[in-house]
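In each ligand, atom 1 is the first atom listed, and ligand 1 is the first ligand listed.
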Amino acid sequence: MCRHLAWFGAPRSVASLVLDADHGLLTQSWAPRRQAHGTVNADGWGIGLHPEGGGAAARWRSDKPIWSDTNLASMAPHLVAGRVIAAVRSATEGMPADATAAAPFLHDGWLVSHNGRVDRAAVGPSLDAESACDAALLAARVVAAGPGRVGATLHDIADADPAARLNLLLLSRDQLFATRWGDTLFVRHDDDGVLVASEPDGSTGWEEVPDRHLVTVTAAGVRVAPLTSG
Ligand code: GLN
């Protein structure tokens, strides 16, 4: 399925986060190393950030493979922010194929990405969802329920669809929540900030997040804890 990442820290360029790293997200779009579901992530991509100067979150999404974009390589060094999210998509069978189904989704200032699949009936309908895609419905529901309650929301959804895979990234200006539920998730912490990603790039210092755990990042630091229903 998809691969995604989020950066919470000092300003960094999208190029350094997505394009430049050995085995980084760009490479993961055609050669992921830890991906259990799907082989390539060629059904679209998206990048979102909270601009350094303030104001609304900005997004750039596409229904094409990220490696085929003719503008990204020249623009990405100039997209610089301390809150960045990025995803490459392998569409779940039966889901819409257009760019509105590509992460990140945006609700109430939260940029959201989903790596996984879920029965849409288990998520329930949403008038706010940006697409009929399972990921879009999930993003709308989790933000509407309150990102701080993501554990309870995921437990409710998993009760209705026990086979659901629910890896999520939720990024505001002040907080990052990253869940591992059924797919892979890693975290890397350095002096400049915290990077969470579906799988490590070629750098050292990555730690694997246990399944059904939540990574919470704020200016105060990073915490990894079980995803509880309470
Ligand atoms: N189910 C979502 C979609 O179709 C996410 C897919 C994924 O994780 N590959 O876009």
In the single-linkage hydrophobic clustering (I, L, V, M, F, W, Y; side-chain heavy atoms under 4.5 Å), do Leu5 and Leu26 co-cluster?
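Yes, same cluster.
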Do Leu214 and Leu185 share a hydrophobic cluster, counting only Ile, Leu, Val, Met, Phe, Trp and Tyr and linking them when any side-chain heavy atoms are less than 4.5 Å apart?
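Cluster IDs for Leu214 and Leu185 differ.
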Which of the atoms in ligand 1, numbered in the order shown and given with their element, are less than 4.0 Å from a heavy-atom of [X]?
{"X": "Asn115", "answer": "8 (O)"}
{"X": "Met95", "answer": "4 (O)"}
{"X": "Thr92", "answer": "1 (N), 2 (C), 3 (C), 4 (O), 6 (C)"}
{"X": "Cys133", "answer": "3 (C), 4 (O), 10 (O)"}
{"X": "His114", "answer": "5 (C), 8 (O)"}
{"X": "Ala91", "answer": "4 (O)"}
{"X": "Asp134", "answer": "1 (N), 2 (C), 3 (C), 4 (O)"}
{"X": "Ser90", "answer": "6 (C), 7 (C), 9 (N)"}

Scan Arg33, Arg3, Arg34 and name whichever one has a side-chain hydrogen bond (donor to acceptor under 3.5 Å, both in side chains) with Glu199.
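One option only clears the test, and that one is Arg3.
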Is a side-chain donor-acceptor pair under 3.5 Å present for Asp128 with Ser126?
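Ser126 vs Asp128: no donor-acceptor pair found between side chains.
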Between Pro11 and Val80, which heavy-atom pair has the shortest distance, and what is it?
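Taking Pro11 first and Val80 second, the nearest heavy atoms are CB-CG1, 3.8 Å.
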How are the rings of Phe186 and Trp206 set to each other: parallel, tilted or perpendicular (split at 30° and 60°)?
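Perpendicular, since the angle between the ring planes exceeds 60°.
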Would Gly116 count as being in polar contact with ligand 1, using the rule that some N or O on each side must be under 3.5 angstrom apart?
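Gly116 vs ligand 1: N/O contact under 3.5 Å present.
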Has Glu207 got more than 12 heavy atoms of other residues, nucleotides or ligands less than 6.0 Å from its CD?
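Atom CD in Glu207 is not crowded, with 12 or fewer foreign heavy atoms closer than 6.0 Å.
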What part of Arg89 sits under 4.0 Å from ligand 1 if we count only heavy atoms: the side chain, the backbone, both or neither?
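Only the side chain of Arg89 comes within reach of ligand 1.
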